[in-house]
Amino acid sequence: MSVKSVGFYKRLILLALGLIILCSIGFNIVLLIKNRSLEERLDSTQYLPDDAVTVGATELEPAGIIREAPVLDYQMLYPDFKASFYGFSTDLVSDKTVFLTFDDGPSEGTAALLDILKKKGAKASFFINGKSNRLLSNQLKRMTEEGHAVGMHSYSHRYNVIYEDIETLLDDFYRNYLYIKAETGKAPSILRFPGGSINIFNLEKYQSMVAEILRRGFIYYDWNVSAGDAIADATAQSIIDNVVNGVRLCWGPAFVIFHDNDKAVLGEALGSVIDILSKEGYVFKALDNSVKPHVYLP
Ligand SMILES: [Zn+2]
């Protein structure tokens with residue numbers, strides 16, 4: 001190896017080192033410029049608190065001008081259609097609490113059901129549809145006076161109308177709300193969706209529907225025990241078995257669905273259900289919107 005070639009390699013190494021140092025400096029300069037530009041972007045981005053970007057909130061424009069944010073049209077419908085909600089409480093609830101619920105009333109059988117509940121000292125909840133029969137409507141007052149809950153179950157119970165869109169849902173339930181308020185003197189705070197909160201008629205839109213109902217302070221109740229009383233061949237014994245076994249299997253409070261009707265088998269079964277479960281330490285309470293509901297999850 002010649003002396004000349006050693007010098008050549010030295011220069012080559014020095015050149016390489018020089019290039020590495022130059023590249024590092026250049027890279028750092030690029031990073032500095034990028035950092036400056038990101039900082040400038042952050043400075044120019046307006047901070048919006050979480051509650052300023054929810055639908056219906058008052059929005060600050062970049063210039064600091066306060067204007068009304070767009071509100072969903074249906075949120076503006078029926079401003080008095082709402083309930084006071086103070087959070088859930090465990091006052092009414094234990095693992096031995098049974099919430100007996102009766103849908104679709106009032107009916108010709110309501111008076112007899114109320115008689116049985118009174119005799120047994122049990123409270124229940126009635127999810128009511130709109131009825132034009134004055135004699136039946138009078139039962140709503142009796143329910144309230146005897147300590148039962150009266151909740152909404154839609155005015156028409158026509159799935160295809162109620163679940164067509166949120167506006168039709170609100171139209172129908174508001175009518176139901178006014179009916180109950182007029183008959184009982186008390187505004188309802190609870191409801192049951194016809195067919196439950198998730199059903200084949202509202203599958204595409206139930207999220208918006210339940211969200212709007214909850215936003216207005218109402219609590220809706222699905223069920224975890226079905227009496228099976230609406231099926232054609234239901235017997236007193238089949239109803240008793242469905243309810244008693246279903247309640248025993250519940251891990252928390254039981255929400256039992258019956259249908260308010262004048263079938264003799266329902267009356268027969270109801271008294272026995274209360275007797276059997278009472279002996280096992282169960283208590284029968286009326287719902288209000290402080291009771292954490294059993295709801296269907298998607
Ligand atoms: Zn129903």
Side-chain angles (χ1 to χ4, degrees), residues 81 98-114 117 124-133 136-137 139-140 143-144 148-166 168-181 183-184 188-203 205-206 209-210 212-214 218-234 238-239 242-243 246 254-263 265-267 269-270 273 286-289 291 293-296:
F81 181 48
V98 178
F99 295 104
L100 301 171
T101 69
F102 296 87
D103 286 11
D104 304 350
S107 77
E108 301 285 351
T110 306
L113 295 173
L114 287 170
L117 293 167
S125 306
F126 290 83
F127 290 108
I128 294 298
N129 297 133
K131 294 282 155 70
S132 54
N133 183 333
L136 296 185
S137 295
Q139 297 298 333
L140 272 63
M143 290 168 191
T144 306
H148 305 296
V150 180
M152 297 172 281
H153 190 50
S154 82
Y155 196 88
S156 69
H157 208 289
R158 290 168 64 197
Y159 298 111
N160 53 348
V161 174
I162 300 164
Y163 297 128
E164 189 182 333
D165 54 44
I166 299 185
T168 59
L169 177 97
L170 292 173
D171 289 347
D172 190 284
F173 269 91
Y174 182 56
R175 202 175 164 207
N176 194 213
Y177 170 90
L178 293 178
Y179 168 66
I180 292 169
K181 194 176 169 188
E183 296 297 332
T184 65
S189 65
I190 59 172
L191 64 94
R192 171 165 291 146
F193 288 101
S197 60
I198 305 175
N199 58 68
I200 55 171
F201 289 88
N202 73 358
L203 208 49
K205 25 196 160 166
Y206 72 89
M209 291 179 168
V210 301
E212 178 59 7
I213 287 297
L214 294 172
F218 300 110
I219 299 297
Y220 63 95
Y221 294 85
D222 289 323
W223 56 91
N224 52 12
V225 179
S226 175
D229 56 326
I231 58 170
D233 57 352
S238 73
I239 296 171
N242 287 336
V243 178
F255 298 85
V256 187
I257 182 175
F258 293 91
H259 295 83
D260 183 340
N261 62 58
D262 61 353
K263 286 184 189 167
V265 289
L266 176 60
L270 181 60
V273 160
L287 286 165
D288 65 38
N289 72 345
V291 176
H294 173 82
V295 296
Y296 294 149

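Order of appearance sets the numbers: ligands from 1, and atoms from 1 within every ligand. Because only heavy atoms are used, hydrogens play no part in the values below, and waters and symmetry mates are left out as well, while side chains stay in.
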> If you check every N/O/S atom of Asp104, which is the one nearest the Zn ion (ligand 1)?
Replying inline: OD1
> Under 2.8 Å from the Zn ion (ligand 1), is there an N/O/S atom belonging to Asp103?
Replying inline: no
> Does His153 bring an N, O or S atom to within less than 2.8 Å of the Zn ion (ligand 1)?
Replying inline: yes
>> Applying the ring pair (Phe, Tyr, Trp, His ring centres under 6.0 Å) criterion to Phe193, which one of Tyr206, Phe218, Tyr220, Phe201 satisfies it?
In response: Tyr220
>> Ignoring hydrogens and geometry beyond distance, is a side-chain donor-acceptor pair present between Ser107 and Asn261 at under 3.5 Å?
In response: no
> Does Thr184 use its side chain to pair, donor to acceptor, with the backbone of Ile180 at less than 3.5 Å?
Replying inline: yes
> Given the side-chain rings of Tyr155 and His153, with only the six-membered ring counted for Trp, is the space between their centroids under 6.0 Å?
Replying inline: no
